[in-house]
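To start, the structure itself, in structure tokens.
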Protein chains: 2
Amino acid sequence: MSKTAKKRLSNCAVVYGLDIFGDRWTMLVLRDMILHGKRRYGEFLESEEGIATNILADRLKRLAAEGLVTVSRDPDNRRSNIYTLTEEGLSLMPVLFEIMNWSANYCELNERRTLLVKRIREDREGLMAEIRAREAALRNAA
Amino acid sequence: MSKTAKKRLSNCAVVYGLDIFGDRWTMLVLRDMILHGKRRYGEFLESEEGIATNILADRLKRLAAEGLVTVSRDPDNRRSNIYTLTEEGLSLMPVLFEIMNWSANYCELNERRTLLVKRIREDREGLMAEIRAREAALRNAA
DNA sequence: AAAATAACTTGTAATTTGCAAGTTAAATTT
DNA sequence: AAATTTAACTTGCAAATTACAAGTTATTTT
């Protein structure tokens, strides 16, 4: 039995979640999709953390395999893939926001990020609704 | 500049948090401390995921270095170290609970774990208060 | 004094990550 | 139509990390 399958059988919610999205690079891709609306391979490459191309390809493949994103060809530019968050992916927003909320107590953020954390703390539901509306609009435009 | 220092300067709250506690084994140690009240090296080794001894030692050292736990000698058995959550460590409960909440939508849990998630969803503040009271009692007993 | 316990450390094989160059399909330019 | 550029990867390989198994050290128990 593969390591992944064995771990799935542990039946622990923390293990389950960590195996699906807990990887550092996976979380950063999800951040870029959720917070910045990024959808294309090249956009993820532009993030300041400098992810390697083989790692990005691998993580996108895993996200799709796990059902957190869907992949489709851009009909206007068939060289491009478009990655879109599913409901399962979007429902990770609370996890992402709690990570940010915690970190904001302990690290120094620039003004833009400080405002984002303020919004998470004061109007988290509103922010989530905005992000969902943005994703719905993107899906309908396709 | 070391990789860790370089990443700290990214000033992103998600990166910051992931670098401190995002590692899979670190999260599992935190789970054992928060949910199960584990405090000793041998107790962490007993978890069903089967962490390697060198990895456990490394993660406990990092948690202490980052200020999420403190280490002290058990005065009654000086072979033992006692690991205790700090406020910084305890304040990760929302992150842990959101991971569990998310996972419970997608994986099958046994009855005990299902009840725990139910409690997180229905009385998260009560559960957090209980855990904090337990940790305070442990600190006072020392 | 000898044996057992608790918490590691060490050496090393296996696996993963990350770098840099290369490949393929599709679009654009010449 | 051919050549070049673009977008998204794949590949080979070095470096780093993980995990296994045995060993070490300090302390307690017998």
Side-chain angles (χ1 to χ4, degrees), chain A residues 1-7 10 15 18-29 32-33 37-66 69-84 142, chain B residues 1-7 10 15 18-29 32-33 37-66 69-84 142:
Chain A
M1 182 180 288
S2 74
K3 184 171 85 170
T4 298
K6 184 179 176 220
K7 282 185 286 181
S10 88
V15 168
L18 292 177
D19 285 348
I20 293 190
F21 61 77
D23 174 78
R24 180 178 185 277
W25 290 114
T26 302
M27 280 303 300
L28 294 184
V29 169
D32 287 350
M33 296 186 83
K38 291 182 181 182
R39 319 179 79 200
R40 296 165 186 271
Y41 188 93
E43 293 180 297
F44 300 120
L45 277 188
E46 286 166 5
S47 297
E48 63 180 356
E49 291 80 22
I51 189 172
T53 54
N54 53 323
I55 302 299
L56 177 55
D58 176 72
R59 296 306 189 270
L60 287 170
K61 184 169 289 186
R62 289 199 216 170
L63 283 169
E66 295 290 355
V69 307
T70 56
V71 195
S72 59
R73 279 288 168 181
D74 184 342
D76 297 328
N77 182 356
R78 296 182 58 256
R79 284 172 293 188
S80 280
N81 277 338
I82 300 291
Y83 295 91
T84 308
Chain B
M1 181 180 290
S2 75
K3 186 171 84 171
T4 297
K6 184 180 178 220
K7 281 187 284 182
S10 89
V15 168
L18 291 176
D19 284 349
I20 292 190
F21 61 77
D23 175 79
R24 181 177 186 276
W25 291 114
T26 302
M27 282 300 304
L28 295 183
V29 168
D32 286 351
M33 296 187 83
K38 291 183 181 182
R39 318 180 81 202
R40 298 164 186 273
Y41 188 91
E43 293 180 296
F44 299 120
L45 277 187
E46 285 165 4
S47 298
E48 66 180 354
E49 291 81 23
I51 189 172
T53 54
N54 55 324
I55 301 300
L56 177 55
D58 175 72
R59 298 306 189 268
L60 288 171
K61 181 168 295 186
R62 289 199 215 172
L63 283 169
E66 295 289 355
V69 308
T70 57
V71 196
S72 59
R73 279 290 170 179
D74 185 345
D76 296 327
N77 181 358
R78 294 182 60 256
R79 285 172 291 186
S80 279
N81 276 339
I82 301 291
Y83 296 90
T84 307

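Each chain gets a letter, A, B and so on, in the order the sequences are listed, and its residues count up from 1.
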Residue [X], side-chain heavy atoms: nucleotide from [options] that is nearest:
X	options	result
A/Trp25	D/dA7, D/dT18, C/dG18	C/dG18
B/Arg62	C/dT17, D/dT18, C/dA7	D/dT18
B/Tyr41	C/dC8, D/dA26, D/dT18	C/dC8
A/Arg59	C/dT17, D/dA19, C/dC8	C/dT17
A/Ala52	C/dG18, D/dT10, D/dT18	C/dG18

Measure from [atom1] on [X] to [atom2] on [N] and round the result to the nearest Å.
X	N	atom1	atom2	value
A/Arg73	D/dC9	CZ	P	7 Å
A/Leu56	C/dT16	CG	P	18 Å
A/Leu28	C/dG18	CG	P	11 Å
A/Leu63	D/dA8	CG	P	16 Å
A/Asn77	C/dA25	CG	C1'	11 Å
B/Ile51	D/dT18	CD1	P	10 Å
A/Arg40	D/dC9	CZ	C1'	16 Å
A/Phe44	C/dG18	CZ	P	17 Å

So what does B/Asp23 hit on the nucleic acid, given a heavy-atom distance under 4.0 Å: a base, only sugar-phosphate, or nothing?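 Since only primed, P, OP1 and OP2 atoms lie under 4.0 Å of B/Asp23, the category is sugar-phosphate.
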Looking at every strand, decide which applies to B/Thr53 at a 4.0 Å heavy-atom threshold: base, sugar-phosphate, or nothing.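 Counting heavy atoms under 4.0 Å across all strands, the contact made by B/Thr53 includes a base.
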Non-hydrogen side-chain atoms of [X] and [Y] separated by less than 4.5 Å:
X	Y	result
B/Leu60	B/Asn81	no
B/Glu48	A/Val15	no
A/Tyr41	A/Leu56	yes

Please give me the minimum heavy-atom distance between A/Val69 and A/Tyr83, naming the atom from each residue.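 Reported closest heavy-atom pair: CG2-CD2, 4.3 Å.
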To the nearest 0.5 Å, what is the distance between CD on A/Glu43 and CE on A/Met33? 9.5 Å
So, does B/Tyr83 get its side chain near the phosphate of C/dC8, meaning an N or O under 4.0 Å from OP1 or OP2? yes
For C/dT9, does either OP1 or OP2 sit under 4.0 Å from a side-chain N or O belonging to B/Lys61?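 For C/dT9, OP1/OP2 do have a side-chain N/O of B/Lys61 under 4.0 Å.
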On DNA chain C, compare the nucleotides closest to B/Gly42 and A/Ile55; which residue's is nearer the 5' end? B/Gly42
Given axes from five pairs at either end, by how many degrees does the helix from C/dA1-D/dT30 to C/dT30-D/dA1 bend, rounded to 10°? 0°
Do B/Asn54 side-chain and D/dA19 base share a donor-acceptor contact under 3.5 Å?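 Yes, the side chain and the base share a sub-3.5 Å donor-acceptor pair.
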State whether the distance check finds a donor on one side and an acceptor on the other, under 3.5 Å, for side chain B/Arg78 versus base D/dT27. no
